[in-house]
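In what follows, a single structure is set out as structure tokens and then discussed.
Only heavy atoms go into these numbers, but all of them, side chains included; no hydrogens, no water, no symmetry mates. Along the sequence shown, residues are numbered consecutively beginning with 1.
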Amino acid sequence: NLARMASEHIRKPETPIMLWEQVLEEAPQHLEALSALESLYEREKNYDAMSQVQLRRVELIEDAAERIAILDKLGILYSGKLNRPDAATEIWKRLLTEDASHQKAQTELRKKYTAERDWEQLEWFFRTYSTVAEWIRTLESQLKKIEDPEEKKSLLLVVAQAWLTELDDQRRAVKSLEGILELDPSNASAAGMLIPIYREINAWKKLPAVYEVVLEATSDPTERLSLLLAKADVLESHLRDAEASFFAYLEAIQGHPDNVELYGQLRRLAEKSKNWEVYTATIEDTAELISSEADRAAALLDLGLVYMNAMREPEAALDAFGRVIELDDGNREALDAMESLHRASGAHEPLVEILGRQLGIAIDADRRKAILFSLAQTWRDDIGDAGEAEQVFMGMLDEFPGDTAIHDALINLFMPAERYTELGEILALKRDVLVADGASALVLADVECQLGMLAYGVLDESERVNAALSHYERALSLSADHAE
């Protein structure tokens, strides 16, 4: 009662303050004393004491509206007269737990976090008391004021992620990510985020550059291969740039020389882009790094074919094919190509060697016969060695006794050499084959005439007439009107 009377009748606040403070000593939760002291301290401009009293009142008052009013007053006091911004911040946060829609508290916190660039607390504030969209718009407005590139990049990344994952606006996300690359052209994080977006929105022309940024920052071989193949596909399929795609595969092979699937794609793109010199140089450099001999032989075979058909470099082609044969001495395609090259260049002795190799792997009878004919003709016509040709033809007689083309080849050898005895033997063999094969009477009559002429020319005078007549009679018996 004494403190109450002093407050009402004594103008100077010292005495009432003393009395009310004594009341609080006896009753620390005395609300009337706290309220009176708040007013008295304010008259005395003792704002620090006033704030302490207000804090105590907030903890004791049950009415929410009254608590909010005191907190509002206390926040203003801390912000202004006491100049204690951190304390003010705690009051504004406390106030929002009482009234989440309190405009003053929201405004003060937003202003503080924005001014201090406390982006973490600003995010907390917007996620708790506003919306993600408002948060991002606030960040975007602040970006114009930030000069530090690192801080700006960090904020742009936060904005881009929000647009992508929470606000579902790829266009705005792209703008932020491209902003990062403008500040830092080698930023792999931003480039990596742009790759799937560009693919989804069909921004094909922009993709190669961001793939390159990510590749520069990627050291894992498997990841690099995946990126290079994706880049190559974009270049070829969507940008119609076979040459750039070729070089993407080239880079992939340099990192994975044992990946044989890459060589087929490189070969295909080399043909589209006409990059034969680069292609052949690549195979020359990497062939020995292919672990499988079969795959290495396939790569060298293609190398030889490119040298032969696309680049018209027979010597290089022969070298490549020779390396194939070292790995696979029965490689028919390489041997056939070497045969063709040796024939074209007139290198007959190497040709004979290749024909011999071909013969060694030939199983099919017709294939063997064709090779043997080619071998014999090379000896006879190109090298001029009839003896070697004869040996080949005589061997063919044993393997293919029923083929009269072999007989005719030997006849053509023996006739100019005037080897009539051997010629007669071959003609007789031919006649027997023709008879066994059921040849026409006219064909058989021709052979009998040839035998008759040969007998008349080579036998003794005492024998030749009878021998010749015998053959001619047989010819006439086969063909009565035979002209010869």
Side-chain angles (χ1 to χ4, degrees), residues 242-243 245-247 249-362 367-368 370-385 388-389 392:
E243 182 164 12
S245 182
F246 169 85
F247 282 103
Y249 269 101
L250 179 63
E251 190 174 350
I253 284 177
Q254 289 170 344
H256 299 266
D258 201 27
N259 188 331
V260 293
E261 293 181 4
L262 299 176
Y263 289 92
Q265 295 297 324
L266 190 71
R267 170 67 166 81
R268 180 180 58 79
L269 289 165
E271 186 165 5
K272 288 182 72 173
S273 62
K274 304 306 177 188
N275 270 301
W276 293 123
E277 289 188 6
V278 178
Y279 173 75
T280 52
T282 300
I283 304 303
E284 294 280 12
D285 291 340
T286 60
E288 296 306 316
L289 301 176
I290 301 174
S291 58
S292 163
E293 287 192 356
D295 291 334
R296 195 185 321 149
L300 290 169
L301 176 64
D302 189 66
L303 174 66
L305 293 172
V306 170
Y307 275 136
M308 181 172 74
N309 300 321
M311 300 180 70
R312 307 300 181 191
E313 294 185 18
E315 292 302 319
L318 283 169
D319 179 72
F321 293 135
R323 292 162 68 185
V324 174
I325 298 305
E326 290 175 4
L327 295 167
D328 176 12
D329 59 3
N331 191 295
R332 176 174 172 177
E333 195 170 356
L335 290 170
D336 288 351
M338 294 178 81
E339 177 193 353
S340 176
L341 288 168
H342 287 318
R343 284 193 186 282
S345 66
H348 303 303
E349 291 184 3
L351 175 60
V352 167
E353 180 186 351
I354 294 301
L355 290 170
R357 287 177 174 271
Q358 289 177 319
L359 189 62
I361 64 169
R367 168 76 174 160
R368 286 184 55 79
I371 294 171
L372 286 166
F373 266 120
S374 181
L375 179 61
Q377 288 162 359
T378 299
W379 279 116
R380 183 192 65 199
D381 301 334
D382 299 322
I383 298 176
D385 191 330
E388 290 288 348
V392 175

Review item, side-chain donor-acceptor pairs of residues 314-321, under 3.5 Å, at least two apart:
none

**OP:** Please list all pairs passing the salt bridge (charged side-chain N to carboxylate O under 4.0 Å, His left out) test where one or both residues lie in residues 351-362, with sequence neighbours left out.
**Re:** E353-R357
Original post:
Where is the tightest heavy-atom contact between A242 and L269, given as atom of each residue plus distance?
Top reply: O-CD2, 4.0 Å
Original post:
Between atom CG of N259 and atom CD1 of I253, what is the distance when rounded to the nearest 0.5 Å?
Top reply: 8.0 Å
Subject >> Euclidean distance, W276 CH2 relative to M311 CE, rounded to 0.5 Å >> reply: 9.5 Å
Subject >> Listed partners of Q377 passing side-chain contact (heavy atoms from CB on, under 4.5 Å), at least two apart >> reply: F373, R380, D381
Subject >> N/O donor-acceptor pair under 3.5 Å between R368 side chain and L359 backbone >> reply: yes
**OP:** Identify the two heavy atoms, one from N331 and one from I325, that lie closest to each other, and give their separation to 0.1 Å.
**Re:** O-CD1, 4.0 Å
Original post:
Who are the side-chain contact (heavy atoms from CB on, under 4.5 Å) partners of D258, not counting sequence neighbours?
Top reply: I290, S291
Subject >> Nearest-0.5 Å distance, CD1 of residue I371 to OG1 of residue T378 >> reply: 11.5 Å
Original post:
Does the T282 side chain pair with the main chain of V278, one donor and one acceptor, at a distance under 3.5 Å?
Top reply: yes
Original post:
Which residues satisfy the side chain to side chain donor-acceptor pair (under 3.5 Å) test with E288, sequence neighbours excluded?
Top reply: R323
Subject >> Euclidean distance, M338 CE relative to R343 CZ, rounded to 0.5 Å >> reply: 13.5 Å
Original post:
Pick from L266, L262, T286: which one makes a side chain to side chain contact (heavy atoms under 4.5 Å, CB included) with L250?
Top reply: L266
Subject >> Sub-4.5 Å side-chain heavy-atom contact between R296 and L327 >> reply: yes
Subject >> Flag, side chain of D385 to backbone of E388, donor-acceptor distance under 3.5 Å >> reply: yes
Subject >> Least distance between heavy atoms, P257 atom then Y263 atom >> reply: O-OH, 2.7 Å
Indicate every side-chain donor-acceptor pair of residues 297-309 with a distance under 3.5 Å to a residue at least two apart or in another chain.
from: D302; atom 1: OD1; to: R267; atom 2: NE; distance (Å): 2.9
from: D302; atom 1: OD2; to: R267; atom 2: NE; distance (Å): 2.9
from: D302; atom 1: OD2; to: Y279; atom 2: OH; distance (Å): 2.4
from: Y307; atom 1: OH; to: E284; atom 2: OE2; distance (Å): 2.9
from: N309; atom 1: ND2; to: L305; atom 2: O; distance (Å): 3.3

**OP:** Rounded to the nearest 0.5 Å, what's the gap from CD1 on I383 to NE2 on H348? Could you check?
**Re:** 7.0 Å
Original post:
Does the side chain to side chain contact (heavy atoms under 4.5 Å, CB included) test come out yes or no for S374 and Q358, once each step is laid out?
Top reply: CA-CA 11 Å; S374 181; Q358 289 177 319; over 6 Å; no
Subject >> CZ-CD1 distance between R332 and I361, expressed to the nearest 0.5 angstrom >> reply: 7.5 Å
